Protein chains: 2
Amino acid sequence: MARVDRLVNHRRKLRRGEHLYRAGNPLAVLYAIRSGFMKTCALHDDGREQVAGFHMMGDLLGLDAISSGRHMCDAVALEDSEVCEIPFAYLEQLSRELPSLQHQLHRIMSREIVRDYGVMLLLGTMKAEERLAAFLLNLSQRFAARGYSATEFNLRMTREEIGSYLGLKLETISRAFSRFQQDNLIEVRHKHVRIRDPERLRLLIGQQCP
Amino acid sequence: MARVDRLVNHRRKLRRGEHLYRAGNPLAVLYAIRSGFMKTCALHDDGREQVAGFHMMGDLLGLDAISSGRHMCDAVALEDSEVCEIPFAYLEQLSRELPSLQHQLHRIMSREIVRDYGVMLLLGTMKAEERLAAFLLNLSQRFAARGYSATEFNLRMTREEIGSYLGLKLETISRAFSRFQQDNLIEVRHKHVRIRDPERLRLLIGQQCP
DNA sequence: TGAATGCTTTGATGTAGGTCAAAAGGGGTG
DNA sequence: CACCCCTTTTGACCTACATCAAAGCATTCA
């Protein structure tokens, strides 16, 4: 137990806008988010980039770096945040001795793979409003799982970042928000969102494509 | 060594069109492809599905099932194939004793995560012809890594399956193929592809979006 | 071998979302 | 408190891709 404690010993604070790591940085530690809100950005050679995920308390970051020993994306704090640094070599060593820790690590990596499949489905098959609905419900569910309100929260990211994640332009996000508000599905005012009708929002996914 | 051998002891043959596993099946074994060609399909509750990846000799399948203990996608043989079954519990056990095996497993899972980021970029930011070019170059590179020709190969999947993977309709794929052929980038005749100008194909990615 | 079936190509037309533009709202900073 | 800059909203227009349709080819299975 003391050794597991040592695993999560080291803290690091980040100011809003600060990078936790950048593509190309060598892998030394994984990061568990203790508080705050972050995004990861996948980058293409030609300079294009896309938000690959939004991350909050409890999420583990840096798994992309294990394959090559270097990070393959950027991680940026969207608000002041605190992470705890987990030396990867030590994590591997300890997980050899603790089967439950080992299994937990595998489950976390697998969960990330499954999440990615979900994003592919979203990007490959859904229409704009479906994507935004899925995004909002996903956020809602994750806030709820952490003890926050499922129906009322502040967005930490801009419309442009939401758009990047969903493969859409910021104007499209803005229009979709307005439409959801018109239809009494949600209330949006700038970064603040209240979900008024989660059920209809859920229904909206899947009904749009004939 | 003998114990590692035992890990990859069990073979299974699949006929073209046969399912290796389906979403919902409990996780028992992972699968290493020995020969043949497969696709995995992510599914959404509402029945929509999308090809999440194409897999060939040497690829490891089933990692999506570790998180929940059940498979989260379908795996289907696109031609007669042979896989070898790797009992997951035994793999975990053995990797506790063999650090290099453990690390290898982690790298493979991480590589899948990185691959998924690439697909997100493709689906989120690229135009139709860029996607197809990226797809062809990726296939080419993987065939080359396995000792096959990088410039000439047979597609095992239909236009519809390529389209599903790339978030496009089969007609769009067909038109893009025709256009590439006109421009002397490739020769296509049904399933047979010859890449005539890999360099220009590579250049094409990134030039399309202003 | 030949009929059946599934795949592919190509054309004509429609539309969701992108692009461009302008104005308004907020929040951080000096 | 006031300024500046970043973000957001909304409108008008445009384009890439989807959709619909029909014909042409392969592959398969009897």
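Residue numbering restarts at 1 for every chain, and letters A, B, ... go by the order of the sequence lines. Just so you know, these numbers come straight off a predicted model, no measurement behind them.
Relative to the side chain of B/R16, the nucleotides C/dA16, D/dC20, D/dT28 differ in distance, and D/dT28 lies closest. Checked against D/dC20, D/dT7, C/dG17, the side chain of A/T158 finds its nearest nucleotide in D/dT7. When distances run from any side-chain atom of A/E171 to the nucleotides C/dA21, C/dG17, C/dT9, the shortest one goes to C/dA21. When the nucleotides C/dT9, D/dT19, C/dG18 are ranked by their closest atom to the side chain of A/K169, C/dG18 comes out on top. When distances are taken from the side chain of B/K127 to each of D/dC20, D/dA16, D/dT9, the shortest belongs to D/dA16. Out of C/dT9, C/dG17, D/dC17, the shortest distance to the side chain of A/T172 is found at C/dG17.
Side-chain nitrogen and oxygen atoms of A/S174 include none within less than 4.0 Å of the OP1 or OP2 phosphate oxygen of D/dT10.
For CD of A/E160, the number of neighbouring non-hydrogen atoms (other residues, nucleotides, ligands) closer than 6.0 Å is 12 at most.
Distance B/I173 CD1 to C/dT10 C1': 15 Å, rounded to the nearest Å. Distance, B/F177 CZ to C/dT10 P: 13 Å, rounded to whole Å. As rounded to whole Å, 14 Å separates atom C1' of C/dT9 from atom NZ of B/K191. Summarising the geometry, the separation between NE2 on A/H192 and C1' on C/dG27 is reported as 17 Å, rounded to the nearest angstrom. For the pair A/R189 CZ and D/dT9 C1', the computed distance is 12 Å after rounding to whole Å. Taking atom CZ on A/R15 and atom C1' on C/dG28, their separation rounds to 13 Å, with Å as the unit. When the P atom of D/dA21 is taken as reference, atom CG of B/L170 falls 15 Å away, rounded to whole Å. The interatomic distance linking B/L123 (CG) with D/dC17 (P) rounds to 13 Å, in whole Å.
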Pair B/E82, B/R12 - check salt bridge (charged side-chain N to carboxylate O under 4.0 Å, His left out), show working. CA-CA 6 Å; B/E82 190 176 16; B/R12 179 164 156 201; over 6 Å; no
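Figure legend: A/R156 and A/F54 shown without cation-pi pairing, the cationic atom not lying both under 6.0 angstrom from the six-membered ring centre and within 45 degrees of its axis.
Between B/R159 and B/R175, the one whose closest nucleotide on DNA chain C sits nearer the 5' end is B/R159. When each of A/H190 and A/L168 is assigned the nucleotide of DNA chain C bearing its nearest heavy atom, the one mapping closer to the 5' terminus is A/L168.
Aromatic ring pairs are classed by plane angle as parallel below 30°, tilted from 30° to 60° and perpendicular above 60°; the pair A/F143 and A/Y148 is perpendicular.
B/R179 comes within contact range of no nucleotide atom at all, as no heavy-atom separation falls under 4.0 Å. Among the heavy atoms of the strands, none lies under 4.0 Å from B/G163.
Although no hydrogens or angles enter the test, the distance criterion places no donor-acceptor pair under 3.5 Å between the side chain of A/D64 and the main chain of B/V114.
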